[in-house]
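One structure is given below, encoded as structure tokens.
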Amino acid sequence: MPIALAPFLIPLSALLLSSVLFGAFVWMAGATPSDVYQSIYRGAFGTWYSWQNTLTRAAPLMLTALCTALPARLGLVVIGGEGAVVIGGLVAALAGIALLDAHPMVALVGMALASIIAGGALIGLVGWLRQARNVNETISSLLFNYICIAILNFLVVGPLRDPETLNKPSTHHIGETHMLGYLGDSSIHMGFAFGLIACLILWILYKHTTFGFAVDMVGGNARAARLSGLPVRKIMLLVTFMGGAAAGLAGMIEVAAVHGRANASLNAGYGYEGILIAFAARHHPLAIVPMAILFGGIRAASDLLQRNHDLPDATSLVLQGIIFVLVLASEAIYARMAAKSGYKS
Amino acid sequence: MNADDIQWLNVFIAVLGGATRVGTPFLFVSLGECLTEKSGRINLGLEGNLIMGAMAGYGISWLTGSPWLGVFAAGATGLVLGFIHALLCQQPRVNDIAVGIALMILGTGLAFFLGKPLIQPSAPKLAAVHLASWSDNPALRSALEINILFVVGALLAPAMAWFFKNTRWGLAIRTVGESDDAARAMGLDINGVRMLATMAGGFLAGVGGAFLSLYYPGGWSEGLSSGQGLMAVALVIFARWDPIRCLYASLLFGGAGALGPALQSVGVTSGYYLFNAAPYALTLVLMIATSSTKVRSRMPGTLAAR
């Protein structure tokens, strides 16, 4: 296989094999695979309406994927995106409520900053615990997810509850005029642009700056990086902060563009799906964009699958799981190629 | 005693009873995770095993009428998921944490998909042993209903500790977990040992799932597990890779998990969600307090090295 094509051909063949396996699975469940795929295509990418649906769902996924992908370059496996989304969304709602009388632009910037700082501080703390106390970052970020969700639930049913929200306890509303707008005359909110720009900026940062080079050096060999005078601790803190900031911003988008309040909807699995997307994109900020759109599409098509084929809503979870397993297995092909030809990805 | 005292006594009894009831799934997943990690691999996907086990156990118990066949079916599905985990992880450059998350998503998805027809029917459950039939305090009676699976798990913990310490297989697992080089020098098949340890660990986690659907809380629904499987990794750190400490840790976490509902039943509702987070916060604090030196020395060497 030509080496230049490997980064495209390997994930593509993993996706292809996943669709064959998933086809066999739905066939055994009594559905016609070709019809199911047609429904997924229609629900995800078939019409302008479904595209808008897909891209709206891809917006938070791009940002939560960055939460895992950025620290992964340092060799850290951070899975705290869910907690960062929740805490970012909660803090954004609080900022929005505090800035009710401010100019909409001021309120939105305030909300975004609050969520970036909260999410960044959370994952930054995970990075700090790792380097200062040698606390495993995967486990601590997992525990923080539960703690953040509990804090959110405690606050929205208790001290911060808007008494008018009966069925779904929520904070007060941030104000209709302060909601994040849409792109042009579509129904895709601005959050999609945030995600796209974040991926682009981080790609440039990683690929074309000395900072990105330093990150790769620390990831390659932290000791060597330290000996050559790089501020390894600072780099670790900064990178984990940026990852958490991205996921925190996803929480702000969910509040400011979709719900208008902070409530349990923030805890909708965007963080966990982001981990999957980061690995599927091999932690490459630009590759995250198509992967997030693909998984956003699977989310968007879920309803159509239930309606047209009488398949349970867990069907899209099965598809995601199959894709994730095979994409990870395909990592082994890179390793085999590296052994053969000295190819480095 | 006045009524107030009795109320608080009942909370205490409920927490004690909850320790065995809520703690049993914790016990099985933590023993499974402990076994896997001793061989030098982390399986973060035991949540998938747990949910698949709960679904398969319930389904088989409903189809055959035998809850014990259900328990074995649950273990067998866990075994298969463990096999897939080990098979993927022994490929070069495949990250075991990511594979765990992938299998968690796949296992959860499959269980929800295949479990749809099981939400309605009622399958035969595992029976409990009543240790407090002499008492007429209903709270005490329900707290002392002990399930046999808990007893099995509680006996398994010291047995596993003995196994690690005194058997050739136990030594093989520890060697593979401590150092690849030492294992090679002993002529051990590293991937083979890790495969067996992951499969056996997966089996235990599956059995833990059967406890969820066949005893407590019982029944099959998509909200059955509240992340007990995900906590396995934290529990094992908490227990410092010691099976007997896994038993204590599971009882502690079970009791902490029962505290919220018990307080709610006597009218303390405000901090309910914070009580739910108590075990997680406790683990985090313990990890921070002990991480740097002590735990590292007990951690299997191949895990500590990365």
Side-chain angles (χ1 to χ4, degrees), chain A residues 25 29 68 72 75 77 79 129-130 132-136 138-140 142-159 269 272-273 275-276 278-279 311-336 338-339, chain B residues 42 44 48 84 87-116 222 227 230-231 233-234 237 269-284 287-293 295-296 299 303-304 306:
Chain A
F25 179 78
T68 298
V77 184
I79 56 175
L129 284 173
R130 167 71 202 222
R133 306 274 328 181
N134 208 11
V135 174
N136 180 301
T138 312
I139 315 298
S140 68
L142 173 68
L143 292 169
F144 274 126
N145 285 343
Y146 285 103
I147 294 171
C148 290
I149 292 165
I151 292 174
L152 171 80
N153 284 334
F154 170 70
L155 290 177
V156 298
V157 297
Y272 287 108
E273 214 168 317
I275 304 168
L276 206 158
F279 273 93
L311 290 167
D313 52 351
T315 313
S316 54
L317 211 55
V318 174
L319 178 56
Q320 281 180 16
I322 292 176
I323 294 178
F324 197 11
V325 168
L326 286 176
V327 164
L328 286 175
S330 73
E331 280 293 305
I333 306 176
Y334 288 96
R336 295 245 154 82
Chain B
I42 296 177
L44 202 66
I84 300 174
L87 191 70
L88 289 175
C89 289
Q90 70 189 41
Q91 307 303 319
R93 286 233 323 242
V94 176
N95 180 299
D96 57 353
I97 303 260
V99 170
I101 299 170
L103 287 178
M104 177 178 87
I105 292 176
L106 184 62
T108 313
L110 282 176
F112 289 178
F113 189 104
L114 301 172
K116 268 280 162 331
E222 296 189 356
L230 268 170
M231 284 299 293
V233 182
I237 295 175
T269 54
S270 58
Y272 179 71
Y273 287 104
L274 290 186
F275 285 120
N276 275 350
Y280 309 114
L282 196 63
T283 309
L284 192 65
M287 271 176 78
I288 295 168
T290 59
S291 254
S292 34
T293 50
V295 167
R296 227 178 140 74
M299 187 186 244
L303 295 182
R306 53 186 187 182

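Worth knowing before you read on, the calculation uses all heavy atoms, side chains too, and leaves out hydrogens, waters and symmetry mates. Proteins come first, then strands; the chains are lettered A, B, ... in the order of their sequence lines, and each starts at number 1. The shown structure was predicted, so the numbers you read here are calculated from the model rather than taken from an experiment.
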Inter-residue atom distance A:Thr138.OG1 - B:Asn95.CG, 0.5 Å rounding: 8.0 Å

Criterion side-chain contact (heavy atoms from CB on, under 4.5 Å) on B:Ile101 and A:Phe324, from CA distance to verdict: CA-CA 9 Å; B:Ile101 299 170; A:Phe324 197 11; 4.0 Å; yes

Top contributor to chain A interface from B:Ala277, B:Gly48, B:Gly107, B:Ala98 [non-hydrogen pairs under 4.5 Å]: B:Ala98

Atom group of A:Leu311 that falls short of 4.5 Å from chain B, counting heavy atoms: side chain

Region of A:Val77 in contact with chain B, defined by heavy-atom distances below 4.5 Å: side chain

Under 4.5 Å from any heavy atom of chain B - which part of A:Ile275: side chain

Closest non-hydrogen atom pair, B:Lys116 against A:Asp313: NZ-OD1, 3.3 Å

Minimal non-hydrogen separation, A:Ala329 against B:Leu88, with atom names: CB-CD2, 3.5 Å

Under 4.5 Å from a heavy atom of chain B, the part of A:Leu129 involved: side chain

Exercise: identify the closest heavy-atom pair between B:Leu230 and A:Tyr146: CD1-OH, 3.0 Å

Among A:Ser316, A:Ala150, A:Pro312, residue most engaged with chain B (heavy-atom pairs, under 4.5 Å): A:Pro312

Nearest heavy-atom neighbours spanning B:Gly109 and A:Ala314: O-CB, 3.6 Å

Nearest non-hydrogen partners of A:Arg336 and B:Gln91, listed with the distance: NH2-OE1, 3.4 Å

Nearest atoms (heavy-atom pairs only) where B:Ala281 meets A:Ile147: CA-CD1, 3.8 Å

CA sep, side-chain torsions, deciding dist, call: A:Leu142, B:Met231, side-chain contact (heavy atoms from CB on, under 4.5 Å): CA-CA 9 Å; A:Leu142 173 68; B:Met231 284 299 293; 5.8 Å; no

When B:Pro92, B:Gly115, B:Ala111 are compared by non-hydrogen pairs under 4.5 Å with chain A, the top option: B:Pro92

Proximal component of A:Ser140, with respect to chain B [non-hydrogen, under 4.5 Å]: both

4.5 Å side-chain heavy-atom contact, A:Leu317 and B:Phe113: no

Residue part contacting chain B, namely of A:Leu276, when any heavy atom lies under 4.5 Å: side chain

Rounded distance [0.5 Å steps], CG in B:Leu106 versus CG in A:Leu319: 10.5 Å

Heavy-atom proximity to chain B below 4.5 Å, by part of A:Ile79: side chain

N/O donor-acceptor pair under 3.5 Å between B:Arg93 side chain and A:Glu331 backbone: no

Between CD1 on residue B:Ile97 and CD1 on residue A:Ile139, distance to nearest 0.5 Å: 6.0 Å

Side-chain heavy atoms of B:Leu110 within contact of A:Phe25, under 4.5 Å: yes

